[in-house]
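Read the structure below first, then the notes.
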Amino acid sequence: MTRTGSRRRDGTATTHTEEERMDAYHGGGDFGARMRDRLEEVQRANADVLEEVAALLVERAVRGEGMVLVAGSGHSMIAVAEAFFRAGGLAPVKPLYDPELLPLHGAAAATAAERRSGLAERVLEGAGADGRDLLFVFSTSGVNPYPVELARGARGRGLPVVAFTSRACAAAAPRRADGTLAEEAGLVVDTLVDPGDAAYPWADPVTAPLSSLVNSYLWNLLLASVHDRVRKEGLEPPLWRSANMPGGDEANQRFFSRYGPRVPELG
């Protein structure tokens, strides 16, 4: 019988049999192990499409002059913030949003906004999106008018559209638009998030939403792939440096100068 050790807060040792540890895991007790397994599952399931998306990012935003437009609503705005002006992140990124979509400006109002037809077109118009760019839309269910109309409007402008969404959530959610984000996007990264987003306890999940963790993980997998592809070509990936490290401000100034005209949010 295998025994594993850990320590209590007072420093005294405790041990657990492997059977006890697995019982806790299958009962939902070991949430960390469950999440690590889920992230590996998501990575395997999306391996091929992630390579396609990474190649597209290099083509459009590194070798080309395009911008990476990132959009979401509600808590999917966390993924937008992760992609924009982030230490180690891509510099040619423009966030698409409207204050109405941020729960911090009003939770009920943000929910109403993503369900309202027409807001996406206004946001796209304000972004000045053109055929050089590509659009990422983060939406766990992908059933509300805002993400669906964003994808449709971008495609109409000749932009490739990448969706980070859960097909399972879309199948379970009530339809509020004439289609879903997964149906409108050219490339779909399936987050495999279960309907309702909650992930704990495993048998009857009511807490610990999974989508923010998965979105960040998948996005950073893309950054790593882009870095490796660009380096193999002998190019320098346009990556932000931390402003809180020596030389960071100086290194970032070139990106403010280069991308500032198209990304006023950098001001």
Side-chain angles (χ1 to χ4, degrees), residues 42-43 45-61 64 66-80 82-84 90 92-97 101 114-115 117-125 127 129-193 195 197 210-212 214-223 225-226:
V42 170
Q43 182 175 354
N46 289 286
D48 291 339
V49 71
L50 286 172
E51 287 303 304
E52 289 186 67
V53 176
L56 187 60
L57 278 167
V58 172
E59 174 193 339
R60 293 262 170 162
M67 296 298 303
V68 181
L69 310 178
V70 291
S73 60
H75 282 85
S76 291
M77 287 294 297
I78 294 171
V80 175
E82 177 69 20
F84 176 62
L90 283 172
V93 171
K94 178 178 176 61
L96 303 191
Y97 70 97
L101 296 163
E114 68 179 353
R115 295 178 179 178
S117 181
L119 179 57
E121 181 61 28
R122 192 178 84 197
V123 169
L124 278 172
E125 282 291 329
D130 63 37
R132 299 173 297 172
D133 304 330
L134 69 158
L135 173 67
F136 285 78
V137 183
F138 299 91
S139 177
T140 299
S141 67
V143 298
N144 288 310
Y146 181 70
V148 173
E149 292 175 10
L150 270 178
R152 187 176 299 152
R155 283 197 303 109
R157 290 168 167 81
L159 277 67
V161 177
V162 181
F164 277 48
T165 190
S166 166
R167 288 189 170 97
C169 287
R175 297 294 180 95
R176 297 189 179 93
D178 57 344
T180 67
L181 174 59
E183 292 166 352
E184 292 291 338
L187 292 166
V188 177
V189 179
D190 192 339
T191 62
L192 304 185
V193 170
D197 206 347
L210 184 60
S211 59
S212 298
V214 173
N215 283 336
S216 293
Y217 181 67
L218 289 167
W219 180 257
N220 282 286
L221 286 175
L222 282 175
L223 292 182
S225 182
V226 167

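What you are looking at is a predicted structure, and each value in this text was computed from that prediction instead of being measured. Heavy-atom basis, side chains included; hydrogens, waters and symmetry copies ignored.
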Taking the side chain as every heavy atom from C-beta outward, state whether Leu96 and Val70 have any pair of such atoms under 4.5 Å apart.
no
All side chain to side chain donor-acceptor pair (under 3.5 Å) counterparts of Ser73, not counting sequence neighbours
Glu114
CG-CD distance between Leu218 and Gln43, expressed to the nearest 0.5 angstrom
8.0 Å
Please confirm whether the backbone N or O of Gly118 pairs with a side-chain atom of Glu149, one donor and one acceptor, at under 3.5 Å?
yes
Identify the heavy atoms of Leu150 and Ala120 that sit nearest to each other, and give their distance.
N-CB, 3.5 Å
Could you go through Glu82 and Asn220, starting from their C-alpha distance and side-chain angles, then the distance that decides it, and tell me whether this counts as side chain to side chain contact (heavy atoms under 4.5 Å, CB included)?
CA-CA 9 Å; Glu82 177 69 20; Asn220 282 286; 3.3 Å; yes
By salt bridge (charged side-chain N to carboxylate O under 4.0 Å, His left out), which residues pair with Asp190, not counting sequence neighbours?
Arg167
Spell out, as yes or no, whether a donor-acceptor pair under 3.5 Å connects the side chain of Asn215 to the backbone of Phe164.
no
Verdict with reasoning, Leu124 to Arg152, per side chain to side chain contact (heavy atoms under 4.5 Å, CB included)
CA-CA 11 Å; Leu124 278 172; Arg152 187 176 299 152; over 6 Å; no
Output a table of donor-acceptor pairs, distance under 3.5 Å, between side-chain atoms of residues 135-142 and any protein atom two or more places apart or on a different chain; print 'none' if there are none.
residue, atom, partner, partner atom, Å
Ser139, OG, Gly142, N, 3.0

Neighbour count >12 (heavy atoms, 6.0 Å) for atom OH, Tyr97:
no
Determine, step by step, whether Val42 and Thr191 satisfy the side chain to side chain contact (heavy atoms under 4.5 Å, CB included) criterion, reporting the C-alpha distance in whole Å, the side-chain angles of both residues, the deciding distance to 0.1 Å, and the verdict.
CA-CA 6 Å; Val42 170; Thr191 62; 5.5 Å; no
Sort and list the pairs that fulfil side chain to side chain donor-acceptor pair (under 3.5 Å) and have at least one residue in residues 153-163, not counting sequence neighbours.
Glu121-Arg157, Glu125-Arg157, Arg155-Glu184
If every non-hydrogen atom of Leu159 is compared with every non-hydrogen atom of Ala129, which pair is closest and at what distance?
CD2-CB, 4.1 Å
Taking Leu210's backbone N and O only, do any of them form a donor-acceptor pair with Asp197's side chain (distance below 3.5 Å, no angle check)?
yes
Identify the two heavy atoms, one from Val80 and one from Gly72, that lie closest to each other, and give their separation to 0.1 Å.
CG2-N, 3.6 Å
Taking atom CZ of Phe84 and atom CG of Leu90, what is their separation to the nearest 0.5 Å?
12.5 Å
Looking only at heavy atoms, which two atoms of Met77 and Leu101 are closest? And how far apart?
CG-O, 4.3 Å
Taking atom CG of Asn46 and atom CG of Leu221, what is their separation to the nearest 0.5 Å?
9.5 Å
Between the side chain of Asn144 and the main-chain N/O of Tyr146, is any donor-acceptor distance below 3.5 Å?
no
For the student: nearest non-hydrogen atoms of Ala61 and Val68, plus distance
CB-CG2, 3.6 Å
Solution key, residues 47-55 side-chain donor-acceptor pairs under 3.5 Å, sequence neighbours excluded:
residue, atom, partner, partner atom, Å
Glu51, OE1, Arg229, NH2, 2.7

Does Arg176 have any salt bridge (charged side-chain N to carboxylate O under 4.0 Å, His left out) partners at least two apart in sequence or in another chain, and if so, which?
none
Taking all non-hydrogen atoms of both residues, which atom of Leu134 and which atom of Arg60 are closest, and how far apart?
CD2-CB, 3.6 Å
